[in-house]
Amino acid sequence: MNDAILPTGPLADAVLGAIEPLPEPLRNHSLRTFVFAELIARETGECDAPGYDRELLFAAAGLHDLGLGPGATGQQRFEVEGADLAASVLVERGLAAARVDQVWEAIALHTSGGIAERRGTLARLTRAGVLADLGRHPVITPERAAEAHERFPRLDAVRSIVDAAVAHADRSPAAGAPYTLAGELARERRADGTTRLEAGAADAPWCG
């Protein structure tokens, strides 16, 4: 796979620049999330629907874990902090407020199953891409995923995501509030030394 699989242009450059400070496993996870989300959109026909916007999908998927990076303050749950950081990137690029809001919502809801799927094409595909990278989408088979993994290696992705989420949760009560993803991952780590997310990855078509 070469870089042509990703969008090009000023917005794409801004997205790639914004995720550069993330650890490589999280960067690669974010880029695979886009590749898988786009593959799902093609398979389901959503890429031909009126609400489909490839640039916004790259922004939402590519920036969805900014809240786990060094730019986050740790004063709110990472999904919200990431959405705020992403919005700042897009506003700086001059995107219209309505488009910025779509990306904000998709990122803020990417861990909210049952909600993201009902908030439009962008939120639905962003969450689907995230889950696909965890081995949880029927469209993404190991064979179809192999090229993405070759271009953007996993590098123990799930453990890296959990480590970052637990570290974020430990920064403040609001960041690790009960029943949030980061809060539950931190609780499971303290109780069992591992998490259900990591255990589930071990049974997925690809691990780590």
Side-chain angles (χ1 to χ4, degrees), residues 1-42 46-47 49 51-73 76-112 116 119-134 137 140 145 147-155 157 160-161 164-165 168:
M1 182 183 300
N2 58 45
D3 285 333
I5 197 69
L6 304 179
T8 58
L11 178 59
D13 289 345
V15 170
L16 293 173
I19 65 174
E20 185 61 32
L22 292 177
E24 188 176 4
L26 269 67
R27 268 200 327 271
N28 287 358
H29 161 65
S30 299
L31 296 174
R32 288 192 309 269
T33 292
F34 167 75
V35 173
F36 293 154
E38 185 170 53
L39 180 56
I40 292 164
R42 290 174 179 167
E46 287 181 280
C47 61
Y52 182 75
D53 186 319
R54 189 172 190 249
E55 275 199 326
L56 289 193
L57 182 59
F58 186 56
L63 301 173
H64 81 271
D65 271 345
L66 279 187
L68 297 178
T73 65
Q76 301 180 73
R77 54 188 295 179
F78 79 88
E79 301 94 332
V80 173
E81 291 196 355
D84 288 345
L85 290 167
S88 296
V89 172
L90 302 183
V91 167
E92 188 174 326
R93 292 305 313 171
L95 260 68
R99 299 182 81 202
V100 173
D101 191 59
Q102 286 184 65
V103 173
W104 189 97
E105 182 176 58
I107 293 174
L109 294 178
H110 81 268
T111 65
S112 299
R119 295 305 302 163
T121 300
L122 186 62
R124 180 169 60 252
L125 286 175
T126 300
R127 178 166 167 78
V130 171
L131 293 180
D133 196 46
L134 300 176
H137 198 286
I140 311 299
E147 199 174 10
H149 289 144
E150 182 178 355
R151 176 63 184 85
F152 306 114
R154 296 196 67 81
L155 306 177
S160 297
I161 293 167
H168 187 87

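To the nearest 0.5 Å, atoms CD1 (Ile40) and CZ (Arg124) are separated by 11.0 Å. Taken from CG in Asp101 to CD in Glu105, the straight-line distance is 6.5 Å, to the nearest 0.5 Å. Taking CH2 of Trp104 as the start and OG of Ser88 as the end, the distance is 12.0 Å to the nearest 0.5 Å. Rounding to the nearest 0.5 Å places OG of Ser112 at 6.5 Å from CD of Glu79.
Nearest heavy-atom pair, Leu26 versus Ile161, reported as atom, atom and distance to 0.1 Å: CD1-N, 4.0 Å. The minimum heavy-atom distance between Gly82 and Ile107, with the atom names listed, is C-CG2, 4.0 Å. Closest of all the heavy-atom pairs between Leu66 and Ala72 is O-CB, 4.3 Å. When every heavy atom of Ala132 is checked against every heavy atom of Phe36, the shortest pair comes out as CB-CB, 3.8 Å. Nearest approach of Ala145 to Ile140, heavy atoms of both residues: CB-CG2, 3.9 Å. When all heavy atoms of Gly67 and His168 are compared, the closest pair comes out as O-ND1, 3.3 Å.
In this structure, the side chains of Cys47 and Glu38 stay at 4.5 Å or more apart for every pair of heavy atoms. With a 4.5 Å cut-off on side-chain heavy atoms, Leu90 and Arg99 do not count as touching. Residues His29 and Glu24 fail the side-chain proximity criterion, which asks for heavy atoms closer than 4.5 Å. Residues Leu56 and Leu95 meet the side-chain proximity criterion, which asks for heavy atoms closer than 4.5 Å. Between Thr126 and Leu57, the closest side-chain pair of non-hydrogen atoms falls below 4.5 Å. When side chains are defined from C-beta on, Pro153 counts as touching Asn28, because their heavy atoms get closer than 4.5 Å. Within the 4.5 Å cutoff, side-chain heavy atoms of Thr111 are placed close to those of Phe78.
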* CA sep, side-chain torsions, deciding dist, call: Asp84, Gln76, side-chain contact (heavy atoms from CB on, under 4.5 Å) -> CA-CA 11 Å; Asp84 288 345; Gln76 301 180 73; 3.9 Å; yes
* **Residue pair Glu147, Arg151: steps toward the salt bridge (charged side-chain N to carboxylate O under 4.0 Å, His left out) verdict** => CA-CA 6 Å; Glu147 199 174 10; Arg151 176 63 184 85; over 6 Å; no
* Given side-chain contact (heavy atoms from CB on, under 4.5 Å), test Leu6 with Phe152 step by step and report yes or no. => CA-CA 12 Å; Leu6 304 179; Phe152 306 114; 3.9 Å; yes
* To do: Please test Leu125 against Tyr52 for side-chain contact (heavy atoms from CB on, under 4.5 Å), starting from the C-alpha separation and ending with a verdict.
  => CA-CA 10 Å; Leu125 286 175; Tyr52 182 75; 3.9 Å; yes
* Please test Phe34 against Arg54 for side-chain contact (heavy atoms from CB on, under 4.5 Å), starting from the C-alpha separation and ending with a verdict. => CA-CA 9 Å; Phe34 167 75; Arg54 189 172 190 249; 3.9 Å; yes
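Counting heavy atoms of neighbouring residues, nucleotides and ligands inside a 6.0 Å radius, atom CZ of Arg119 does not exceed 12 of them.
For Arg154 (side chain) and Asp133 (main-chain N/O), a donor-acceptor pair under 3.5 Å exists by modelled atom type. Although no hydrogens or angles enter the test, the distance criterion places a donor-acceptor pair under 3.5 Å between the side chain of Arg127 and the main chain of His110. In terms of modelled atom types and a separation under 3.5 Å, the side chain of Arg27 and the main chain of Leu22 share a donor-acceptor contact.
Side-chain polar atoms of Thr121 and Glu46 form no donor-acceptor pair below 3.5 angstrom.
The one candidate from Asp65, Leu31, Val89 that meets the side chain to side chain contact (heavy atoms under 4.5 Å, CB included) condition with Ile19 is Leu31.
Evaluation of the side chain to side chain donor-acceptor pair (under 3.5 Å) rule for Glu81 yields Thr73 as partners, not counting sequence neighbours.
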